[in-house]
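Comments concern the structure below.
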There are 2 protein chains.
Amino acid sequence: MHILTLLAKANGEWLTSDFIAGSININPVLVRKEISNLRNNGLVISREGKNGGSLLAKPAQQIRVSDVFLATRQGAFLGTARNTPNPDCPVGKQINQQLDNLYEEAENALIQKLGDSTLDDFSQRFD
Amino acid sequence: MHILTLLAKANGEWLTSDFIAGSININPVLVRKEISNLRNNGLVISREGKNGGSLLAKPAQQIRVSDVFLATRQGAFLGTARNTPNPDCPVGKQINQQLDNLYEEAENALIQKLGDSTLDDFSQRFD
DNA sequence: AAAACTGTAACAAATTTTATTACAATAAAT
DNA sequence: ATTTATTGTAATAAAATTTGTTACAGTTTT
């Protein structure tokens with residue numbers, strides 16, 4: 001959201017990973033990695049070379065916050081089952097599947113809520 | 001949820017941390033730590049000594065899934081801001097506050113959804 | 001040709017999570 | 001009473017994940 005907000009407020013200027021990293025206060029390589037992901041999800045475009053940088057791929061009014069969530073989430077966001085429960089226990093045997101079901105329902109409610117507002121709405125909250 | 005589901009299906013029997021750990025397939029000390037948290041949140045009661053263990057503090061019909069979420073979440077669940085953005089950037093200066101606002105709204109929608117079902121509903125999904 | 005960028009890989013450091021060991025305190029069973 | 005089984009908790013260790021760094025080839029403008 002930080003990256004995208006900067007891009008939304010850049011008004012067509014190509015922002016460099018260095019500039020963005022300076023605002024977030026992290027390493028530019030991490031910014032480039034995340035931008036790579038946002039690009040793969042159709043939210044930004046980038047150009048290489050001198051005067052390169054990134055730009056929103058479409059108007060901020062057309063990017064829902066849920067699109068950002070979907071692009072940036074990594075697997076299940078509510079609890080990542082890192083353990084392998086006991087298959088000989090009736091609960092252990094099914095718990096991961098049942099939790100996945102529960103999480104999916106919960107996520108759908110969340111996504112619906114996040115679909116109510118756009119990147120433009122969000123970025124207008126800043127001075 | 002795994003711990004609570006086992007307790008819900010135990011029908012008044014005191015389950016030991018060893019038994020629960022065997023179902024989850026983790027170390028019993030981790031179970032005792034989480035039970036300590038659930039106890040502090042009024043969801044389970046425990047007793048020490050021989051034949052000790054834990055029990056639900058109230059009927060599973062009276063425990064909403066949102067109660068479990070609220071008891072077990074650690075801080076903000078959507079993105080934990082571990083970085084300190086640049087205070088000299090208009091976006092950096094405000095981003096954490098604005099994200100907190102966004103997350104809070106989103107969480108409220110999630111909590112409302114999770115309030116629709118109870119631990120009893122969840123545990124009945126198991127054989 | 002030089003300068004300013006991106007893209008990406010390889011590696012290192014820091015942080016967080018998970019596991020283990022240990023043991024005092026407690027309560028039931030014998 | 002003593003033994004046994006259990007919780008509660010601290011201290012420490014190991015493993016996994018996240019974050020940061022360095023390096024450099026490739027790209028595009030000047």
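Order of the sequence lines fixes the chain letters, A, B, ..., with proteins taken first and strands second; residue numbering starts at 1 for each chain. What you see below is based on every heavy atom in this structure, not just the backbone, and it leaves out hydrogens, waters and symmetry mates. Small disclaimer: the values here were computed from a predicted structure and weren't measured.
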Q. So B:Ser23 and A:Asn86, side chain to side chain donor-acceptor pair (under 3.5 Å) or not? Walk me through it.
A. CA-CA 5 Å; B:Ser23 171; A:Asn86 186 345; over 6 Å; no
Q.
From CG of B:Leu30 over to P of C:dA22, roughly how many Å is that when rounded to an integer?
A. 17 Å
**Q.** Any donor-acceptor pair under 3.5 Å from A:Arg64 side chain to A:Val68 backbone
**A.** no
Q) Given atom CG of A:Asn27 and atom C1' of C:dT8, what is their separation to the nearest angstrom? A) 13 Å
Q) In whole Å, what is the span from the CD1 atom of B:Ile45 to the P atom of C:dT26? A) 18 Å
Q: Evaluate the side chain to side chain donor-acceptor pair (under 3.5 Å) criterion for residues A:Arg39 and A:Ser46: first the C-alpha distance (whole Å), next the side-chain angles of each, then the deciding distance (0.1 Å), finally the verdict.
A: CA-CA 8 Å; A:Arg39 191 169 49 242; A:Ser46 309; 2.8 Å; yes
Q | Length of the line joining B:Glu34:CD and C:dA19:C1', which is rounded to integer Å | A | 16 Å
Q) Can you tell me how far C1' of C:dG7 sits from CG of A:Leu38, to the nearest Å? A) 15 Å
Q: Say whether, by atom type as modelled, one donor and one acceptor occur between the side chain of A:Asp121 and the main chain of A:Thr118 under 3.5 angstrom.
A: yes
Q) How does each nucleotide of nucleotides 2-10 of chain D score, in 5' to 3' order, for protein heavy atoms under 4.0 Å: base (B), sugar-phosphate only (S), or none (-)? A) --BBBBBBB
Q: Calculate the interatomic distance between A:Ile26 atom CD1 and C:dA13 atom C1'; express it in whole Å.
A: 16 Å
Q | Whole-Å gap separating P (C:dT17) and CG (B:Asn25) | A | 20 Å
**Q.** Spacing of A:Trp14 atom CH2 relative to C:dG7 atom P, expressed in whole Å
**A.** 10 Å
(Q) Checking A:Val44 against A:Leu55 for the side-chain contact (heavy atoms from CB on, under 4.5 Å) test, could you report, in this order, the C-alpha distance in whole Å, the side-chain angles of both residues, the deciding distance, and whether it holds? (A) CA-CA 6 Å; A:Val44 309; A:Leu55 215 58; over 6 Å; no
Q.
So does B:Ala71 get a backbone contact from the side chain of B:Asn37, meaning a donor-acceptor N/O pair under 3.5 Å?
A. yes
